[in-house]
Amino acid sequence: RFNLSLKSALAKVEALTESDLDLYKSKPGVPYRPNTEADSDAAQTTDKVQNVEKKRSGGKSRRKGNFGSSFEDEEWERQMKKELQAKKKQEKSQSTNVFLTPEDKKLVEEQSKERQRIEGILNGLFSRTLSAVQCLCLSDIEVGNSCIPALYQTVIVTAVSKCKAISGSAELKSKSVNTLSTLASCVYEIDEVHAPTLARAVAISCHGTTADNILVSALPSPCASAAVAIYEMDEFGDSLSGPSFVLMLPVLRAALTGPRTAPGCEAALRVLYRHMDMLTGEEVDENVTPLRKDIAISVLEVLSHDRSQTFVDPTPIEALVACYRTDGSLSTAELAPLLDERGALGNKNCRTGAMIALGAIAGDHPKLIKKNPLVENRIWINCFEKNDSISSEARKAWRIANGIDGEDDASSLPPPSIMYSIPLLPLFSHSDKTIAESSANAYAHAMGMHPTSIERNVIKICQTYIQNYPSAFGDEKVKTALPPPASAKAVAKPVAPKKTPKIVTGLPKKKPMKKSALAVAGIGQPKTGIKKKKISANSALLKPKKERTIDEVDLAKQFVSKAKVSDAEKDSPEKLAIRLGVIRSIAALTGSSANVQFELPTLKILSGFLTAYGLADGDAGAQGGARNALRDVIASNGSSDEAIAFLLPHLEAILTTGVADEKCLGDLPTEKIPRDVDASDRRKEGSVVALGSVALHLKGAENAEKIDNTINMLIDALKTPSEGVQSSVAACLAKLM
């Protein structure tokens, strides 16, 4: 009841605006108007007086021998003006009630009611509730201690509140802090003398609350109050009571937050570890068990920094494992820190600690992994991490979860559930490259263990790529080929007139006569301009009219609207990251350890997708990744006769025309396929590398000519001014040789 009353009163106090507080502080019986004209007039008068004084002082300083002899007179004059202004203002305020208009009287009445309401909140409800909480805590120390879990969050928020009503009133601020200090005095394991210090440490550690928990921030360095609080808890030598620990936990969490340890706070993890018994077993405390998530977050925060290596007894990983020891079940919220960027998707130490903790949980709750696909997903991803410490702990946890023992070998891992792809797809574009690569490898190995899901999941990742494929690279739309003209007849071109051959007679050429100066100037010559016009006009009328011919392609281009490219059609870093993640996952499918074998329909879909979209991608990184992925897909799955019979004509047609074969895409959308000249050139470059992979599977004397032609094309492709193309071609040539 006290907690609800204090929450309600605090909400009303924080709802008060600055205008409400100004009204509350204004004089009763006088209409309150913010930014009144009188104040502005007074400000203008003050500015004028200051300007006059500046001019006076400037003029007198020019006189020789003036060393401030009239300073006292000026100061006396200035003081008199101030007193006169204050007297006039006081007389005006006193005489205001006499000359109030009916509207002013009505406004004064309304403002008086509002002033009484605000006063009832601040000095009535809020202040009385704080006094009641203090009286309750001071009545008996055991009663106060038992009230801590119900009151501590609201009391802390009140003490650290930054609203203007509390921070602007020294009385309310002092009363809020004193209430927290009174609550801290109920921690009977620590002497009451340190209650103000404990309250100060709690206030420094917290900066607000959410609906579920208190928000803490790293301690300043140094922080004497927090050092005293941790020292007193450590000196007690045993775990505090549940209510006392609840109040002091924010100080421990703040000491474990941040990259540095505040002086005197080194024992924070040891004190926290001492209270892990309250989470399970015989000493379980109902006030502490809801804080398991907050404790785990604090330990993972320590693991995310290098200072985690300085904690020895206990280590942060030992504290994390102890935090999740329980006889009952663990909720999804309690497991969340182990599964997100704070744990299984964090840095090296956090991922290792999360895998060890999940292995311990799997030992206590074997069915948890199978029932929670997200837990299964996080362990499965880290099984394929390149870092040995992470992958080894993840594989131990995976085997424990599946109830088997064995050597640390990837081939002996039990398969995941058939729904493995759903939580893996979003991680292909993770900002951490190591996690993105681990996700791709985990996806490939899971697909190899579930052969029936290969085609379905290949189509799914291709659709993901196409959904994030832009309709425009840069500021220009991706061009598509215009439809051919409706008529099959060729448009007639105008025939150029034939040049008449010159007749050579062999006679000497007639020398042109030199014009005189008058002839050059046109003097004495007949006027022939009008006659020429008549002749040209008559000749134009006599000539037969030619039929006008129209190029249908040019006509169609005139009606193509050049609309601006919208943001939804443009490429973005988010779309590119998803496309690169898909390409990375396709490349992982070709690894020998994944053991993924594509059937011919799947190979057609994948090769058609890579040639239509991947090789034509406007981004160089995505294009190069698609080129290498297509090369590896053909090298690992193109050895059968059926595959060679499909791949050779398919790639040769692309090399010749640069046009993608849309029939191979099946049900995949084709609207975004680029059909411009640049896309065709990029497809031709990639098809040369792909043909080199096909040549690896050609055997026999009958294919010797094809192999030689392919090698020649690869050698010619080395002239391409692209490092990615040259490296891909070099890899193909090395295998062919």
Would you confirm whether [X], through its side chain, and [Y], through its main-chain N or O, come within 3.5 Å as a donor-acceptor pair?
{"X": "His275", "Y": "Leu240", "value": "yes"}
{"X": "Asn287", "Y": "Pro149", "value": "no"}
{"X": "Asp617", "Y": "Tyr613", "value": "no"}
{"X": "Asn3", "Y": "Ala150", "value": "yes"}
{"X": "Arg292", "Y": "Cys323", "value": "yes"}
{"X": "Glu301", "Y": "Val299", "value": "no"}
{"X": "Thr315", "Y": "Val312", "value": "no"}
{"X": "Thr590", "Y": "Ile586", "value": "no"}
{"X": "His430", "Y": "Gly581", "value": "no"}
{"X": "Arg584", "Y": "Phe428", "value": "yes"}

To the nearest 0.5 Å, how far apart are [atom1] in [X] and [atom2] in [Y]?
{"X": "Glu642", "Y": "Lys604", "atom1": "CD", "atom2": "NZ", "value": "10.0 Å"}
{"X": "Phe609", "Y": "Cys462", "atom1": "CZ", "atom2": "SG", "value": "4.5 Å"}
{"X": "Thr197", "Y": "Arg200", "atom1": "OG1", "atom2": "CZ", "value": "5.0 Å"}

Legend entry - Neighbour count >12 (heavy atoms, 6.0 Å) for atom NZ, Lys348: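 Count not over threshold, so no.
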Inset, instruction - Could you tell me whether Tyr231 atom OH has more than 12 heavy atoms of other residues or ligands within 6.0 Å of it? - result: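 No, the 6.0 Å shell around OH holds no more than 12 heavy atoms from other groups.
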Pairwise side-chain contact, [X] with [Y], heavy-atom cut-off 4.5 Å (strictly under):
{"X": "Leu606", "Y": "Leu630", "result": "no"}
{"X": "Asp327", "Y": "Val284", "result": "no"}
{"X": "Asn377", "Y": "Leu427", "result": "yes"}
{"X": "Leu219", "Y": "Ile204", "result": "yes"}
{"X": "Ser329", "Y": "His365", "result": "no"}
{"X": "Ile297", "Y": "Arg342", "result": "yes"}
{"X": "Ile583", "Y": "Arg579", "result": "no"}
{"X": "Phe598", "Y": "Ser636", "result": "no"}

Inset, instruction - Identify whether the distance between the nearest side-chain nitrogen and carboxylate oxygen of Asp313 and Arg270 falls below 4.0 Å. - result: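 Here Asp313 does not pair with Arg270 in a salt bridge, since their nearest N and O are not under 4.0 Å apart.
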Inset, instruction - Evaluate the criterion side chain to side chain contact (heavy atoms under 4.5 Å, CB included) for residue pair Tyr420 and Asn457; output intermediate values, then yes/no. - result: CA-CA 10 Å; Tyr420 63 88; Asn457 287 308; 2.8 Å; yes
Inset, instruction - Apply side-chain hydrogen bond (donor to acceptor under 3.5 Å, both in side chains) to the pair Arg253 and Ser298, showing each step before the final yes or no. - result: CA-CA 6 Å; Arg253 292 182 59 197; Ser298 300; 3.2 Å; yes
Legend entry - Asn145 vs Ser244, side-chain hydrogen bond (donor to acceptor under 3.5 Å, both in side chains): CA-CA, chis, key distance, verdict: CA-CA 7 Å; Asn145 187 268; Ser244 300; 3.0 Å; yes
Of all the heavy-atom pairs spanning [X] and [Y], show the shortest one and how long it is.
{"X": "Pro243", "Y": "Ile148", "answer": "O-CG2, 3.3 Å"}
{"X": "Pro250", "Y": "Val246", "answer": "CD-O, 3.6 Å"}
{"X": "Ile400", "Y": "Gly363", "answer": "CG2-N, 3.7 Å"}

Legend entry - Working for side chain to side chain contact (heavy atoms under 4.5 Å, CB included), residues Asp340 and Leu345: CA-CA 5 Å; Asp340 57 17; Leu345 301 180; 5.7 Å; no
Legend entry - Derivation and outcome, side-chain hydrogen bond (donor to acceptor under 3.5 Å, both in side chains), residues Tyr324 and Asp364: CA-CA 10 Å; Tyr324 283 98; Asp364 297 335; over 6 Å; no
Legend entry - Pair Arg307, Thr261: side-chain N/O donor-acceptor within cut-off below 3.5 Å: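 A donor-acceptor contact under 3.5 Å links the two side chains.
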Inset, instruction - Show your working on side chain to side chain contact (heavy atoms under 4.5 Å, CB included) between Leu589 and Asn637 and close with a plain yes or no. - result: CA-CA 10 Å; Leu589 296 176; Asn637 292 272; over 6 Å; no
Legend entry - Residue pair Glu385, Ile435: steps toward the side chain to side chain contact (heavy atoms under 4.5 Å, CB included) verdict: CA-CA 8 Å; Glu385 169 61 34; Ile435 294 175; 5.5 Å; no
